[in-house]
**Student:** 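Pasting a structure here, questions to come.
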Amino acid sequence: MATADVYFHPIFLEHDTGNHPEGAERLVVSRRELLQGRVGIDWIEPIAAEVEMVSRVHTPAYIESVRRMADEGGGRLDWDTVVSPASYSAAMYAAGAGVQAVERAVRLDRRAFLLVRPPGHHARRGQGMGFCLFNNVAVAAVHALEGLGLKRVLIVDWDVHHGNGTQEIFYDDPRVLYCSLHLGNHYPGTGSLEEIGDGPGIGYTANLPLMYRADDGAVAAFFSRVIRPLADAFQPQLVLVSAGYDSADGDPLGGLSLSTGVFRWMAGVLGEICERHRAAGPVCLLEGGYDPRVLATGIEATIEGLTSGSGKMSAEPSAAETAVIDVLVRRLSPYWSLEPM
């Protein structure tokens, strides 16, 4: 049986958010289900990131402010982003898991899922927000670029919320192709069709804001008409995923209706992209997902996709979803060879 690396450390459970959707039970339930052995897993306990690795993405002043707040007993970075006494350590281990997984992906051809918290894709260079302290996927990508010498990294974000922090960090950087599907007109208010990058990074950001209750058909069309052709042109050397499961049907903070099967399919397709371009990965980093059972099922399906492939996807987009993707394709076509239907 093919296996994937799954990263987990007990410190992640000590990031105490109180009565909060982003709680430790998310990982407790998911880990318990994965330990049943239905998918092939090699468990890895990560090591903490060094401050220098995190400071490639975040300002030293911000990193120090999180450390100091944790040392002083905790507090809040904003109304929904909690810091407890263990949060700084947990965040450094979450970022370290990304660094370690990227190194193993590049050097040992390993695929991985990072069962980590706090999540990261909302964290900006100098600001934590949206439950996120440090931007784990950005730290991993920059380590690949500046620590390992890679030149092209693809990041796919399937969380229901747009990864504003990740987009902002790489918005003018042509070394990173950032593709996000998310619920439109939703927190944090970014991720419109018009946001396609800036300066040398123009054309290297692709956002698909979805309508309420959009399902697998829109995802299948986005992958076939945008992500696959972009990847073929970009030729990534590493594929990273901000893997959020609040986009799944039934999530209490969601608004989309993605099936369990589509997470398996997306992971499998990204694995095929890695094979076609001899890229490392996919490395999937946990973001959102706030119904522990739905989350566990989605994670298990993702690991199945990493280890066993995509299978078939027969869902079709609605006419309205096709029209939105047409607009995105037209916006990106000056920079890539994409054709509207």
Side-chain angles (χ1 to χ4, degrees), residues 7 46 48-63 65-66 77 81 88 90-103 105-106 112-114 116-159 161-180 182 188 190-191 195 197-201 204-207 234 236-244 270 280-288:
Y7 290 75
E50 299 173 6
V51 172
E52 292 75 13
M53 295 172 176
V54 180
S55 65
R56 292 169 174 158
V57 167
H58 296 290
T59 65
Y62 170 64
I63 297 169
S65 72
V66 177
L77 299 178
T81 307
Y88 177 79
M92 294 300 280
Y93 273 93
V99 169
Q100 192 173 346
V102 162
E103 290 185 348
V106 170
F113 192 96
L114 278 58
V116 302
R117 57 186 294 270
H121 71 155
H122 294 307
R124 305 170 67 195
R125 288 195 181 275
Q127 177 189 7
M129 58 182 288
F131 312 168
C132 301
L133 302 187
F134 301 142
N135 195 312
N136 304 318
V137 74
V139 171
V142 174
H143 181 71
L145 295 167
E146 299 183 5
L148 302 180
L150 273 61
K151 299 184 183 302
R152 295 178 303 281
V153 176
L154 168 62
I155 300 176
V156 175
D157 190 329
W158 66 53
D159 194 277
H161 305 100
H162 179 246
N164 62 300
T166 308
Q167 174 175 292
E168 181 179 296
I169 288 163
F170 298 116
Y171 203 55
D172 61 356
D173 191 340
R175 300 175 300 172
V176 176
L177 175 61
Y178 177 69
C179 300
S180 174
H182 48 272
T190 52
E195 296 167 23
D198 193 23
Y204 289 83
T205 295
N207 286 303
F234 182 64
Q237 296 171 299
L238 170 68
V239 174
L240 302 175
V241 180
S242 274
L270 293 174
V283 172
C284 302
L285 299 88
L286 179 61
E287 301 286 2

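Since the structure is predicted, the reported quantities are computational estimates derived from the model, not experimental observations.
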**Student:** Ignoring hydrogens and angles, tell me if any N or O in the side chain of Y171 forms a donor-acceptor pair with the backbone of G197 under 3.5 Å.
**Tutor:**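 It does hold such a pair.
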**Student:** Residues two or more places apart in sequence or in another chain: which of them pass side-chain hydrogen bond (donor to acceptor under 3.5 Å, both in side chains) with N207?
**Tutor:**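 N207 satisfies side-chain hydrogen bond (donor to acceptor under 3.5 Å, both in side chains) with H162, Q167 only.
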**Student:** If we only count heavy atoms from C-beta on, is the Y62 to R124 side-chain gap below 4.5 Å?
**Tutor:**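 Side chain of Y62 against side chain of R124, heavy atoms only: no contact under 4.5 Å found.
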**Student:** Closest heavy-atom contact between V102 and A144?
**Tutor:**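 Closest approach of V102 to A144: CG1-CB, 3.8 Å.
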**Student:** Is it the case that the side chain of E287 and the backbone of G120 share a donor-acceptor pair, with hydrogens and angles ignored and the cut-off at 3.5 Å?
**Tutor:**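 The answer is yes, because a donor-acceptor pair under 3.5 Å joins these two groups.
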**Student:** Run the side-chain hydrogen bond (donor to acceptor under 3.5 Å, both in side chains) test against D157 and tell me which residues pass, sequence neighbours left out.
**Tutor:** H121, Y178
**Student:** Show your working on side-chain contact (heavy atoms from CB on, under 4.5 Å) between L286 and F113 and close with a plain yes or no.
**Tutor:** CA-CA 8 Å; L286 179 61; F113 192 96; 4.2 Å; yes
**Student:** Is the shortest heavy-atom distance from the side chain of T205 to the side chain of F170 under 4.5 Å?
**Tutor:**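 The answer is no; the side chains never approach within 4.5 Å.
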**Student:** Mind checking the CE-OG1 spacing from M129 to T81? Nearest 0.5 Å is all I need.
**Tutor:** 7.5 Å
**Student:** Supply the atom-to-atom distance H122 NE2 to T190 OG1, rounded to the nearest 0.5 angstrom.
**Tutor:** 8.0 Å
**Student:** What closest approach, in Å, do D173 and Y204 show between heavy atoms, and which atom pair accounts for it?
**Tutor:** O-CB, 4.5 Å
**Student:** If I compare all heavy atoms of A97 with all of V116, which pair ends up nearest, and what's the gap?
**Tutor:** CB-CG1, 4.0 Å
**Student:** Over all heavy atoms of both residues, which pair between D159 and G244 is shortest? Give the atoms and the distance, please.
**Tutor:** OD2-CA, 3.3 Å
**Student:** Taking the side chain as C-beta and beyond, is there a heavy-atom pair between H182 and H161 under 4.5 Å?
**Tutor:**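 In short, these two side chains do not touch, never coming nearer than 4.5 Å.
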**Student:** How long is the gap from CG on N135 to CD1 on I169, to the nearest 0.5 Å?
**Tutor:** 4.0 Å
**Student:** Just so I know, are the side chains of L145 and V176 near enough to count as touching, which here means a heavy-atom distance under 4.5 Å?
**Tutor:**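 They are in contact (side-chain heavy atoms under 4.5 Å apart), so the answer is yes.
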**Student:** Can you give each donor-acceptor pair under 3.5 Å made by side-chain atoms of residues 50-57, sequence neighbours left out, with the distance rounded to 0.1 Å?
**Tutor:**
unit_1: S55; atom_1: OG; unit_2: V51; atom_2: O; d: 3.2
unit_1: S55; atom_1: OG; unit_2: E52; atom_2: O; d: 3.0
unit_1: R56; atom_1: NH1; unit_2: H143; atom_2: ND1; d: 2.9

**Student:** Please name the pair of heavy atoms, one in H58 and one in F134, separated by the smallest distance, quoted to 0.1 Å.
**Tutor:** NE2-CA, 3.4 Å
**Student:** Nearest 0.5 angstrom please: L154 CG to L240 CG, how far?
**Tutor:** 8.0 Å
**Student:** Shortest non-hydrogen contact from P282 to L270?
**Tutor:** CG-C, 3.7 Å
